[in-house]
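Here's the structure, in C-alpha cells; my notes come after.
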Amino acid sequence: MRTPEQVRAEFERCGISIRTWAKFHGYPAALVYQVLKGNKPCRIGISHEIAVRLGLKDGVVSDPQKLTNTLSTESPEKAEAITG
C-alpha cells in the first residue's frame, strides 16, 4: 500500500494531474482530493473505490450488480436488502 504522499509523487513523476486521473476514471476530482487528504473514511462506495485504485488501501472494487447477482443465488433475502 502507498501513502498519499507516494501517490502524489507518482502523479508528478508521470506528469499526470489528480484532476486528469479523476476524470479518466469517472470520479469527481474534489472527492479524489478529499481521499488523498484523508478527509473521507473510504469504507464504502466511491471513496472506497478511489482509495483502492490509488493503492491507499487493500480492498476490492466490485460491481454492485455482480454482488447482487451473487447474493441472490446464495440468499434472496440479502439481495432484496441491497436492491430494496
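The structure presented is a predicted model; accordingly, all values stated were derived computationally and were not measured.
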Ala29 and Ala22: which non-hydrogen atoms are nearest, and at how many Å? CA-CB, 3.7 Å
Note: Ser47 and Cys42 closest approach over all heavy atoms is OG-CA, 3.4 Å
With rounding to the nearest 0.5 angstrom, report the [atom1] to [atom2] distance, [X] to [Y].
X     : Y     : atom1 : atom2 : value
Leu31 : Glu49 : CG    : CD    : 10.0 Å
Leu56 : His48 : CG    : NE2   : 11.5 Å
Trp21 : Arg53 : CH2   : CZ    : 7.0 Å
Leu54 : Thr3  : CG    : OG1   : 11.5 Å

Glu12 atom CD: more than 12 heavy-atom contacts under 6.0 Å: no
Any link between Tyr27 and Val7 through a network of hydrophobic side chains (Ile, Leu, Val, Met, Phe, Trp, Tyr) touching at under 4.5 Å? yes
Side-chain heavy atoms under 4.5 angstrom apart, residues restricted to Ile, Leu, Val, Met, Phe, Trp, Tyr: same cluster for Ile18 and Ile46? yes
In sequence, state the C-alpha distance, the side-chain angles, and the governing distance for Ile16 and Phe24, and then conclude on side-chain contact (heavy atoms from CB on, under 4.5 Å). CA-CA 11 Å; Ile16 298 171; Phe24 178 81; over 6 Å; no
When you measure from the side chain of His25 to the backbone N and O of Ile50, does any donor-acceptor pair fall under 3.5 Å? no
Are any side-chain N or O atoms of Lys57 and backbone N or O atoms of Met1, one a donor and one an acceptor, separated by less than 3.5 Å? no
Between the side chains of Tyr33 and Arg19, does any donor sit under 3.5 Å from an acceptor? no
